[in-house]
2 protein chains.
Amino acid sequence: MKRFVLIEQLLKDKGIRLTTQRRLVVRRAVSHLHFTAEELVADVRAIEPSVARGTVYRVLILLHEAGVLEKHDFWHGPPYYEVTFGKAHHDHLMCVQCGEIIEFQEPRWERLQEEVVKQHGYQLLSHTHKLYGLCERCQHVDPKRASKPPHLHVEEVVA
Amino acid sequence: MKRFVLIEQLLKDKGIRLTTQRRLVVRRAVSHLHFTAEELVADVRAIEPSVARGTVYRVLILLHEAGVLEKHDFWHGPPYYEVTFGKAHHDHLMCVQCGEIIEFQEPRWERLQEEVVKQHGYQLLSHTHKLYGLCERCQHVDPKRASKPPHLHVEEVVA
DNA sequence: CTAAAATTGAGACTGAGTCTCAACTAGATT
DNA sequence: AATCTAGTTGAGACTCAGTCTCAATTTTAG
Ligand SMILES: [Zn+2]
Ligand SMILES: [Zn+2]
Ligand SMILES: [Zn+2]
Ligand SMILES: [Zn+2]
């Protein structure tokens, strides 16, 4: 089953009306790994120019509220979004020198986390773990000779 | 030694000119646990109204580039900043509704992390863990009526 | 002291995202 | 199928955070 069909069902189950525009925006959104809101606007309009900017942003809010959209913030520039529906949860280990990204799962973390959250009376909605370091290869390279770290940008994934 | 003195030294060592305005902004910034940029602008101006908004934002960029400023993003609203220099490591639990930020330490977590990193041959340099959720109060409040109090935690006052 | 370089204040500007509202559906109900 | 109505849309004005410009000022180097 296509991912967007399942997401449409998810929205429907929440009593959200499925319009032509929403279907289109959702389909374009799931077709990208990472995208900025404005990129999505342009992408949707390349297919159906009449779709309003506000409509696209409203769909992003719907997906966010449905818990299937992640936002990746950087210091510079607009955030990148990512539809996470149907993807297994994972965290990230990144090399600050070469930009390598390792994705991994750690159930003990996830358990510990629930514990911490309950201690403070919180209801957990989502979380982000990012580990920054040097990969084996980069540990043995003279920093002066090392290639510039490719800025994480769209490759950076937040759990 | 006061934290802001050490930060001023850090900036100086980077060849950054220390002006009266910069000293004031740094001192006000380190006096808060978490703050939005606009809160800092208002805070600084309460002491010295002539300081320009741009000056405050420029100091934030300097602190960021010096690696002593962390940015905490939410879905709604502006990011919160935090001067991390000289503080014991901690992670964050944030309420997405009211913006409350709880800092906590979890040694088991940190240990587990070292383990994971070593498994991949990495040398850990830094990390961030952010847990997003609803605080106890916000779980029982209609989102539409929820107040949005800025959580301006004052740690120390600098004249 | 003087000149060059960096920083500042003020406010215009940008860009992301939100809001308003009249016109328009999707989907429920005859 | 026709009707009804609450939810949705397009268009563009609007808000807000953050950046930029530039003349005036301040700092540092010589
Ligand atoms: Zn995790
Ligand atoms: Zn590497
Ligand atoms: Zn930690
Ligand atoms: Zn709250």
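Convention: sequence-line order gives letters A, B, ...; per-chain numbering from 1.
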Does A:Tyr57 make a side-chain N or O approach to OP1 or OP2 of C:dT18 shorter than 4.0 Å?
no

OP1 or OP2 of D:dG18 under 4.0 Å from side-chain N/O of B:Tyr81:
yes

Respond yes when some side-chain nitrogen or oxygen of B:Thr55 is under 4.0 Å from OP1 or OP2 of C:dG9, and no when none is.
yes

Looking just at side-chain N and O atoms, do B:Thr36 and B:Glu38 make a donor-acceptor pair shorter than 3.5 Å?
no

Would you indicate, yes or no, if C:dT8 has its OP1 or OP2 atom less than 4.0 angstrom from a side-chain nitrogen or oxygen of B:Arg22?
yes

Rounded to whole Å, how long is the line connecting atom CG of A:Leu24 with atom P of D:dT8?
17 Å

Starting from the 5' end of DNA chain D, give me the residue, A:Trp75 or A:Ser50, whose nearest nucleotide shows up first.
A:Ser50

May I ask you to verify if any side-chain N or O of B:Gln21 is less than 4.0 angstrom from the OP1 or OP2 atom of C:dG9?
yes

Charged N-O contact under 4.0 Å between A:Glu8 and A:Arg27:
yes

Would a distance-only check, ignoring hydrogens and angles, find a side-chain to backbone donor-acceptor pair under 3.5 Å from A:His72 to A:Glu70?
no

Need one value for A:Ile61: base, sugar-phosphate or nothing, where a base atom within 4.0 Å counts as base even if backbone is also close, heavy atoms only.
sugar-phosphate

Which nucleotide in D:dG18, C:dT20, C:dG17 has an atom nearest any side-chain atom of A:Arg58
C:dT20

Between A:Thr20 and C:dA26, is there a side-chain N or O to OP1/OP2 distance below 4.0 Å?
yes

What's the shortest heavy-atom distance between A:Leu33 and A:Glu82, and which atoms?
O-CG, 3.3 Å

Pick the closest DNA chain C nucleotide for B:Arg45 and for B:Ile16 by heavy atoms, then say which residue is nearer the 5' end.
B:Ile16

Along DNA chain D (nearest heavy atom to each residue), the more 5'-positioned of B:Gly54 and B:Leu18:
B:Gly54

Would you indicate, yes or no, if C:dA16 has its OP1 or OP2 atom less than 4.0 angstrom from a side-chain nitrogen or oxygen of A:Thr36?
no

What nucleotide among C:dG27, D:dT27, C:dT20 has an atom nearest to a side-chain atom of B:Arg17?
D:dT27

